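Structure, as structure tokens:
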Amino acid sequence: MHCIGIDLGTTNSLVSYWDDVEGKVKLIPNEFGETLTPSVVGFTKDHEILVGKAAKEMLVSDPERTFREFKRDMGTETKYRAGMKSYLPEELSSFVLRQLKEDAEKYFKEPVEEAVISVPAYFTDKQRCATRLAGQLAGLKVKRIINEPSAAALAYHVDKMADHAIYLISDFGGGTLDISIVEVFDNIVEIRAVAGDNKLGGKDFNDAITELFCEQNGLNKKKLSAEQLELLYKEAEDFKILLSEQDEVEKTIDFEKKQLRLHLTTAQLKKQASFVFRRMLEPIQKAVTMSEFSIADIDQVILVGGSSKMPLVQEFMESVFKGKVKIDKNPDEIVALGVGTAVGIKERKIGIKDMLLSDICPFSLGTAVSDGSFSVHIEKNAILPYSKTRYYTTVRDDQTSISFPIYQGENLIAEANELLTKIDIEIPAKPAGKVQVMVTFSYDINGIFDIDIQCMDNDVKVHKSMMAGNMGMSEEEVTERKEELNRLKLKNDMQMKSNYLLYRANRMYQEAGEKVKGIIAEETKKYRYFQEKEVDPKLRRESIVKFTMLLDMLENDKETINADSFFDDNKDLQ
Ligand code: ADP
Ligand code: MG
């Protein structure tokens, strides 16, 4: 039976596995032959579901029925409304997982039932539970939840096998920044500290660029429709990605019967998005301080996540860690490669069987004591698995029970932290200070949190396991919900591609000049006719290929001006 590794990202998700024959980790491509599947889910009018690239295109024409970045709301009750139905973040995530599972099944030509999924290091217990539930809803048994930076460290370590090294891993994705300090020695990968900002990512650059486009063209952002904003936003992201290859981008688009001139240079972006870089410093500082290493101790800085492809980001990190920055060609694939490696470790596959992976507790766990202060059992950043026992005595005479509220958080006042649960235990009535209760907290590497409370005087024991919670749903409720979601069908391969092309053509039509508009309209009509009326699947497939080629050609033809060489020539003249 196959077990897959999943990087369930805010922006993009990937699926990997451990290849036994070659003894290495591999990524599984989606139906577009790409390793990155956008974490976007769209509900079509015919009540079917689009996931990934097709759904991302759908954002422009149908933003009301298309959802993204729901990972930010994992573990909350946020409802996403699509028509008459509404979905929770873990339910939307389950569609992404189902798509990845199906892609893997097509790849293996066999069913896939198990998965290891990664989450940001600072995900709370609730968010981890929601992720696990998303897996269950997609029909996957989630064998392990691992931290994204741990996975990244693992991927890197397997390649390098350095004797002893201290790494700083900076994972800069679409919506989150994770900084972690990892020590490697012998065959052990140990996370020393993590810090992060889960509201900072590539999206902030897109926002900043959209802002700039509005300024450049005297548009009031607040007056734009959701569709128009999506269009500008998509342009902004394209500009940003082009700027990773060149220093200046310029383009004119048709926008509400007006011509918009969009122009961006690296220098402008650096200025417009300077707040992003300023905010990056904080988690870096925090992680280094918490690890108790100095910057000089760090051997190498490894950049992962899609935003690490930006030269500005690389330049910024280089300015902080001079000469230590390492950047992979595909930094956005590293976490998934690490999760696949973790699958190999879990299954004790030869080659990496000796490697150990430890993790850290992403937050402090404890209980409240009588004066309301927070009695911490497991400190944030404690190395997992971790277990600690503390003893408490009664403060009042003839007390017959003690109540232990269990919190997670970093505040000294217990109540200011997040209440996880409350456990009561019966005790014999005795004078204050005469009854002793033993409280043991255990937190394992899978994020399962066990609490054992035992009264030493009457031998009453209470046990609670926090992972078993399923977000408050019973086993039956999970099964029921799973079946309900399963009735909603994911579009099949051909439909997905066909839909993707229609949305893409539609978006290109909105941006195009008169002449190209004519071509797109004409060709779309022909294409639709084929997709809807043609009975021979071979001919339908052919029309997909032809239409793709046409759109590619039109898109490559679009006006993109790169003024690099001009400025270089000028320099020579001076
Ligand atoms: P996440 O971990 O949040 O799911 P990724 O690591 O895949 O996301 O990063 C996605 C982000 O990376 C997006 O904001 C995207 O715009 C950005 N990105 C991807 N490729 C490039 C590139 N070549 N240049 C600049 N940014 C890029
Ligand atoms: Mg990521």
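A quick note: this is a predicted structure, and the numbers were derived from the prediction, not measured. In listed order, ligands and their atoms are each counted from 1.
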Assess whether a salt bridge exists between [X] and [Y], defined as any Lys/Arg side-chain N lying under 4.0 Å from an Asp/Glu carboxylate O.
| X | Y | value |
| --- | --- | --- |
| K203 | D207 | yes |
| K79 | D73 | no |
| E105 | K101 | yes |

Closest non-hydrogen protein atom to [atom], residue and atom name please, with distance?
| atom | value |
| --- | --- |
| atom 15 (C) of ligand 1 | E237 OE2, 3.2 Å |
| atom 2 (O) of ligand 1 | G173 CA, 3.9 Å |
| atom 9 (O) of ligand 1 | G306 N, 3.3 Å |
| atom 7 (O) of ligand 1 | N12 ND2, 2.8 Å |
| atom 8 (O) of ligand 1 | G174 N, 3.3 Å |

Any I241 heavy atom less than 4.0 Å to ligand 1: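 Contact check I241 vs ligand 1: positive.
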G175 touching ligand 1 at heavy-atom level, < 4.0 angstrom: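 A heavy atom of G175 does come that close to ligand 1.
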Within reach of ligand 1, part of S244 (heavy-atom separation under 4.0 Å):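 It is the side chain that touches ligand 1; the backbone stays farther off.
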Distance (rounded to the nearest 0.5 Å) between T78 OG1 and F70 CZ: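 One gets 12.5 Å once the value is rounded to the nearest 0.5 Å.
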Partner of E235 by side-chain contact (heavy atoms from CB on, under 4.5 Å), out of V249, L260, L262: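 The passing option is L262.
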What atoms of ligand 1 come closer than 4.0 angstrom to any heavy atom of [X]?
| X | answer |
| --- | --- |
| G202 | 14 (O) |
| G305 | 6 (O) |
| G9 | 4 (O) |

N/O donor-acceptor pair under 3.5 Å between [X] side chain and [Y] backbone:
| X | Y | result |
| --- | --- | --- |
| N217 | R261 | yes |
| R72 | G175 | yes |
| R68 | V40 | no |

Closest to atom 17 (C) of ligand 1 among K309, M310, K240, E333 (heavy-atom distance):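 Among K309, M310, K240, E333, the closest heavy atom to atom 17 (C) of ligand 1 belongs to K240.
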Closest to atom 4 (O) of ligand 1 among D7, T11, L8 (heavy-atom distance):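 Looking at heavy atoms only, T11 sits closest to atom 4 (O) of ligand 1.
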With E34 via salt bridge (Lys or Arg N to Asp or Glu O under 4.0 Å) - residues at least two apart: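 Residues passing salt bridge (Lys or Arg N to Asp or Glu O under 4.0 Å) with E34: K53.
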